[in-house]
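Order of listing sets the numbers, starting from 1, for every ligand and every atom in it. These figures come from a predicted structure and were not determined experimentally.
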Amino acid sequence: MRQWLVLGLLAIASGLIHWLCSGGAQTMAATTSATKLDASIRRLRTGDLVIRVVDSQQQPVAGATVTLEQTAHDFDFGTALSTQMFRPNVAAHEQAQYLQIAKQWFNASVHEDALKWYSTEPEQGQVSYADADRILAWSEANGLKMRGHTLFWAVEKWNQPWVRALSPQELRQAVERRTTEICHRYRGKISEYDVLNELLHGDFYQQRLGEGIVDQIFQWCRDADPTARLYVNDYDVLNGKLLDAYVHQIRSLLDRGVPVGGIGVQAHVREPMTAAQIQHCLDTLAQFRLPIKITELGVVAATEAEQARILKDLYTVAFAHPAVTGILMWGFWAGANWEPAAAIFKHNFEPTLAARTYQDLVFNQWWTKVNGKTNSSGVVAAQAFFGRYQVTVRAGNHSTIRTVSLTPQSPMPQVVTITLPF
Ligand code: XIL
């Protein structure tokens, strides 16, 4: 009975915290779009975490010190990983710095090139997943969740000569083999794929094998790994140029029953871009009620300040958008980047202003660190970003450390009871 009362009060208290922080108290304040974005970030990306400290008789312990330290985000903040940086012949000091940044700054990854067909089978029949596997193993060991990029690239020039030389019948067989092999091989390890990259910009496979090959590839992949989420992935979408075409394409794929499970939005930004444009693109794509990912973010701009401004808008608008589940940069270091000017770390690994901006958003503004003392109910409550936490409770000279995950699927509030041994 008493316990229910405590929990009830906790729920009311944390509801109040949430209301206060998520905009309830802001109705009088300025409703600049920055304020609105911040409010939706709080509403979408945080939950109520309640730490309840009790003694061995289950009585609340007041005055205990509780520290909540976030150790990871639930949302995917990722990067592409460059093949060359995982090869043995790379300069050791550069590799060490590259890997250090990759694991400190990101929690998701994608092969920049290593999984592409031209990388896994440059010559017909000589298939090797060594590079892809090495990058995957490193990602797994360091807590970066991998996406699969890409089963096929629809643009003809990105298909290696031997593939282009196949007869339709041979090509169909090779395509089926590759799809089944990869989706099978990485089952349970890679949970989503770009299936046919840049379908708005090329039709190599349809030209050779007919329109139905698109449906067929999605289906082969789905058969080999029913759990994987299958994406389309394209560019000139954020800037609006091909947004309507993308909508049209996705709609017709879905109408045909193609199991498209996610929408990839590349973000190779080379022209000025506004927050409103980004918002419009995401709102438009959200009509499909599918997860959206910013899959390849890189900003080239006239000045460092402009680069940082666009990057900040991209991260903020995307993180504030309910359909978006992750943002991946297309590399981060100028020494291993297809567009060095887009990298947020210079050749000497000095961070640019854009790097500092990213760091401030992801590991400061959108990051929870709480230090409090339990109240008379033994409770410290916090509105916390979804992710993993290390919770430390200190009472007298005793201390307990616990790892806690808070996710959008967690019961709200999520009450974690920590029982002290006395
Ligand atoms: C690029 C890589 O970054 C380069 O290393 C490679 O030479 C060519 O491909 N859109 C995509 C990515 O979907 O796969 C491309 O990656 C960049 C554009």
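Side-chain contact annotation: Tyr118 with Asp113, donor-acceptor N/O pair under 3.5 Å present.
Taking the six-membered ring wherever Trp is involved, the centroid distance between the rings of Tyr315 and Phe75 does not fall below 6.0 Å. Ring-centre distance between Trp105 and Phe332: not below the 6.0 Å cut-off.
When Glu339, His149, Lys116 are ranked by how near their heavy atoms come to atom 1 (C) of ligand 1, first place goes to Lys116. The heavy atom nearest to atom 15 (C) of ligand 1, out of those in Tyr118, Trp153, Trp158, Tyr235, is found in Trp153. For atom 11 (C) of ligand 1, the candidate residues are His268, Glu112, Glu296; the nearest heavy-atom contact is made by Glu296.
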Anything under 3.5 Å between a donor and an acceptor, one on a side chain of residues 281-292, the other on a protein residue two or more places apart or in another chain? List them.
from	atom 1	to	atom 2	distance (Å)
Asp283	OD1	Gln279	NE2	3.3
Asp283	OD1	His321	NE2	2.9
Thr284	OG1	His280	O	2.6
Gln287	OE1	Arg251	NH2	2.9
Gln287	NE2	Thr284	O	2.9

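With hydrogens and angles ignored, the 3.5 Å screen pairs a side-chain donor or acceptor of Arg164 with a backbone N or O of Asn159.
Listed by atom number, the atoms of ligand 1 under 4.0 Å from Asn197 heavy atoms are 11 (C), 13 (O). Within ligand 1, counting atoms from 1 as listed, the ones closer than 4.0 Å to a heavy atom of Gln266 are 10 (N), 11 (C), 13 (O). Shown in contact with Glu198 at under 4.0 Å from a heavy atom are these atoms of ligand 1, numbered in order with element: 10 (N), 11 (C), 13 (O), 18 (C).
Between Arg178 and Glu181 there is no salt bridge, since no side-chain nitrogen of the basic residue lies less than 4.0 Å from a carboxylate oxygen of the acidic one.
Close N/O approach between Trp330 and ligand 1 is found [any backbone or side-chain N/O within under 3.5 Å].
Nearest protein neighbour of atom 6 (C) of ligand 1, counting heavy atoms only, is Asp113 OD1, 3.3 Å.
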